[in-house]
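Some notes on the structure that comes next.
Only heavy atoms go into these numbers, but all of them, side chains included; no hydrogens, no water, no symmetry mates. In what follows, chains carry the letters A, B, and so on, assigned in the order in which the sequence lines appear, proteins first and then strands, with residues in each chain numbered from 1.
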Protein chains: 4
Amino acid sequence: MNGSRRLPIFDAAVKVFAEKGFARATVEEIAKQAGIAKGTIYYNYKGKKELFLSLLEEGIERLEAAVSREVARKDTVLAKLEALVSAQLSFFEEYRDYCKILLSEVWGLGHRWEEQVQRLRSGYFKTIQELLEKGQAEGVIRDDLETETTAAAIFGAVGVAALDRFVFAQEYKYDQILQTLRQFLLKGVQAT
Amino acid sequence: MNGSRRLPIFDAAVKVFAEKGFARATVEEIAKQAGIAKGTIYYNYKGKKELFLSLLEEGIERLEAAVSREVARKDTVLAKLEALVSAQLSFFEEYRDYCKILLSEVWGLGHRWEEQVQRLRSGYFKTIQELLEKGQAEGVIRDDLETETTAAAIFGAVGVAALDRFVFAQEYKYDQILQTLRQFLLKGVQAT
Amino acid sequence: MNGSRRLPIFDAAVKVFAEKGFARATVEEIAKQAGIAKGTIYYNYKGKKELFLSLLEEGIERLEAAVSREVARKDTVLAKLEALVSAQLSFFEEYRDYCKILLSEVWGLGHRWEEQVQRLRSGYFKTIQELLEKGQAEGVIRDDLETETTAAAIFGAVGVAALDRFVFAQEYKYDQILQTLRQFLLKGVQAT
Amino acid sequence: MNGSRRLPIFDAAVKVFAEKGFARATVEEIAKQAGIAKGTIYYNYKGKKELFLSLLEEGIERLEAAVSREVARKDTVLAKLEALVSAQLSFFEEYRDYCKILLSEVWGLGHRWEEQVQRLRSGYFKTIQELLEKGQAEGVIRDDLETETTAAAIFGAVGVAALDRFVFAQEYKYDQILQTLRQFLLKGVQAT
DNA sequence: GATGAATGAGCTTTCATTCAT
DNA sequence: GATGAATGAAAGCTCATTCAT
């Protein structure tokens with residue numbers, strides 16, 4: 001019921017969906033990529049949509065798990081925030097296909113993934129938001145920032161930067177990107 | 001090439017593409033929305049793709065024009081940066097349909113708009129990047145920030161925050177969002 | 001909206017459905033039979049099912065209309081009953097494709113036409129039943145017959161005999177069949 | 001060729017085919033209904049079609065056997081005819097799934113069971129027909145009835161009435177139906 | 001200029017059948 | 001004997017595009 005043939009399908013699907021997006025990806029191509037017959041996908045998943053959804057959930061779960069783990073290791077709010085940024089960036093580097101899918105399909109919302117994904121999105125956003133509020137209470141985060149907007153801005157900054165660098169740029173230096181984002185998010189662009 | 005029947009088509013297309021995304025939007029629906037017959041769209045545009053592309057270009061041109069205008073009015077780099085953020089946010093509020101399309105279709109890259117859009121994207125990014133570099137030369141922008149990454153991060157922060165607030169949130173206060181983003185981008189989250 | 005290309009499709013559909021039944025008939029074949037492209041069918045009908053349904057309703061309407069007309073022309077119950085049998089037989093001879101479809105698909109109920117057709121079926125049955133009851137009240141119909149069962153039996157007798165003769169037999173004499181059914185239904189098989 | 005695993009498959013098949021018809025019934029569902037694996041069906045039968053055919057033949061054999069037995073017990077033609085009607089009705093009540101399959105699939109002829117079933121159908125019809133002719137020779141059956149048509153009519157009357165009453169009606173009184181059909185077939189609807 | 005009926009390539013999905021275990 | 005994962009042919013349906021009017 002679980003592993004069987006699902007893993008190779010899963011991996012192939014991530015790749016093809018990342019390349020073409022949901023709409024232009026064909027089940028045929030995913031099957032070919034996985035080295036199996038088209039019917040086998042329907043034997044393992046109810047359909048193209050369910051396959052995509054299972055892959056989305058898995059991706060967001062992994063992202064949340066990776067981030068949570070790193071955040072939990074730190075004690076102060078600022079250290080946690082830095083860990084969050086670092087973990088998200090690292091995740092997006094390792095799984096850049098997920099990065100594309102998350103930003104384009106989930107964020108873009110051509111389809112109505114909304115219902116199934118809304119909670120996941122708000123889940124991750126909430127994590128950031130709560131961290132910010134805790135920091136404001138402790139006085140380590142500027143209290144002139146609205147936390148909802150800031151949480152979205154942080155996710156967007158890291159996500160779009162990661163996509164731009166990891167996917168579209170010819171080459172990049174990971175450490176430099178991480179440092180830049182860390183400094184940018186904590187201290188802004190303005191020199192002091 | 002010019003107006004006549006093109007304008008109502010254009011507006012209808014923006015609406016439908018924003019709602020459904022490129023793939024799920026149908027020419028039929030755009031025609032119905034515009035109150036014309038399907039054939040008329042093909043009389044004015046070469047096809048669905050060209051219609052979408054013309055709409056993308058127009059959108060980015062408008063965005064760039066609006067931003068350029070505001071940026072040109074200011075004298076210092078920091079004032080220009082603030083103006084840029086303010087102008088982008090304002091544009092995304094007024095044309096939130098464009099906001100969705102830009103972030104989902106252009107950014108997400110289900111299709112190969114890349115070739116035609118790459119230059120546009122890099123055009124806008126370049127503007128930000130050059131501003132940052134000028135600021136670093138003048139000593140008003142932190143020089144430990146890589147400008148390419150930071151430019152992407154700024155666009156992402158403003159874009160995603162705008163999408164999250166204007167499109168998905170029930171209600172919002174525009175001034176608060178603008179203030180939050182301005183402070184966040186200039187000074188970061190860390191209290192001083 | 002009405003006639004346009006619907007009539008040739010309609011006729012082709014009746015033929016193919018009668019030949020293959022609903023399940024084995026393909027839209028492709030109906031299109032080929034009508035001399036048009038597959039898409040044209042979907043331009044005129046919502047789908048295979050709707051096409052079949054529209055054809056069923058039309059068929060039953062025609063049958064009911066033909067029968068009603070003949071029945072109305074007669075004055076006595078017995079004359080009306082004879083007219084009904086005669087009209088049904090005549091209809092089944094002229095439209096033997098309908099005869100097949102009605103007996104096999106509607107009656108057989110592989111699908112759930114039930115909901116949409118139940119009323120039609122009961123409509124025709126009711127006509128027979130009410131005629132029988134009126135006759136019983138007048139004393140010209142045996143009152144030891146349950147009218148519901150008898151109505152079904154009459155429809156079955158005429159329908160199956162028509163199918164057997166018109167469709168499966170090599171040759172037949174229409175008048176003989178009509179006389180036989182008329183005598184059989186009125187007086188039974190038993191010699192007096 | 002014989003029993004072991006075939007019986008549960010057989011019963012499950014009758015049920016599912018009666019419910020869905022041949023085309024919409026799936027081998028998977030029959031297997032599930034029988035509590036076995038799909039492959040086992042192919043281990044016992046050559047395929048879906050053969051399974052259905054074996055079930056048809058069995059059904060008609062049982063019907064013919066039941067009817068023959070009852071008919072043989074009577075001496076006069078009229079008594080034999082009454083016995084035939086009674087036996088067919090009784091069989092259809094006990095095996096109403098067969099009743100549905102026989103009337104819908106065999107009669108309806110969506111498929112080409114014709115070749116394999118033609119003889120079976122004509123077998124049963126012939127029985128009735130010969131009985132009628134014998135009766136005509138003896139002078140107990142009206143000789144103005146064409147026997148082929150009448151045989152089909154009798155089968156249709158009993159079959160459709162049984163289907164209507166046993167399958168579609170909410171409730172029914174068996175004896176009343178039997179009496180009605182017996183009277184109707186022997187003496188017709190006309191009061192004397 | 002404008003229309004909308006017609007097209008057909010291309011996609012998702014179903015399911016009878018096979019075969020290695 | 002029995003299984004069920006895997007298959008792929010076949011079907012229904014969508015929709016961008018064309019073109020006669």
Using whole Å, report how far [atom1] of [X] lies from [atom2] of [N].
X        : N       : atom1 : atom2 : value
Tyr45(B) : dA2(E)  : OH    : P     : 13 Å
Leu7(C)  : dA5(E)  : CG    : P     : 17 Å
Phe52(A) : dT13(E) : CZ    : P     : 14 Å
Ile36(D) : dT3(F)  : CD1   : P     : 7 Å
Ile30(D) : dC15(E) : CD1   : C1'   : 12 Å
Lys32(B) : dG4(E)  : NZ    : C1'   : 12 Å
Ile9(C)  : dA5(E)  : CD1   : C1'   : 11 Å

Review point. Is the phosphate of dA6(E), meaning OP1 or OP2, less than 4.0 Å from a side-chain N or O of Asn44(C)?
Key: yes
Sorted by chain and residue number, the ring pair (Phe, Tyr, Trp, His ring centres under 6.0 Å) partners of Phe166(C) (sequence neighbours excluded) come out as Tyr172(C)
Pairing string of DNA chain E (Watson-Crick or G-U wobble, both atom distances under 3.5 Å; | = paired to other strand) is .||||||||||||||||||||
* Is Phe91(B) close to Cys99(B) at the side-chain level, that is, under 4.5 Å between some pair of heavy atoms? -> no
Contact string for nucleotides 13-19 of chain F, one letter per nucleotide 5' to 3', B = base within protein heavy-atom range under 4.0 Å, S = sugar-phosphate only, - = neither, reads BBSSBB-
Output for pair (Lys32(C) NZ, Thr26(C) OG1), nearest 0.5 Å, gives 8.0 Å
### Task
Could you tell me how the ring of Tyr95(B) sits relative to the ring of Tyr98(B): parallel (under 30°), tilted (30 to 60°) or perpendicular (over 60°)?
perpendicular
Does the plane of the ring in Phe17(D) sit parallel, tilted or perpendicular to the ring in Phe52(D)? Use 30° and 60° as the thresholds.
perpendicular
Sorted by chain and residue number, the side-chain hydrogen bond (donor to acceptor under 3.5 Å, both in side chains) partners of Glu58(C) (sequence neighbours excluded) come out as Arg62(C)
Of the candidates dG8(E), dA2(F), dG4(F), the side chain of Ala37(D) sits closest to dG4(F)
The side-chain contact (heavy atoms from CB on, under 4.5 Å) partners of Lys15(B) (sequence neighbours excluded) come to Glu19(B), Gln33(B), Asp97(B)
Sequence neighbours excluded, the answer for side-chain contact (heavy atoms from CB on, under 4.5 Å) partners of Glu94(B) is none
Looking only at heavy atoms, the pair that brings Ile9(C) and Ile36(C) closest together is CG1-CD1, 3.5 Å
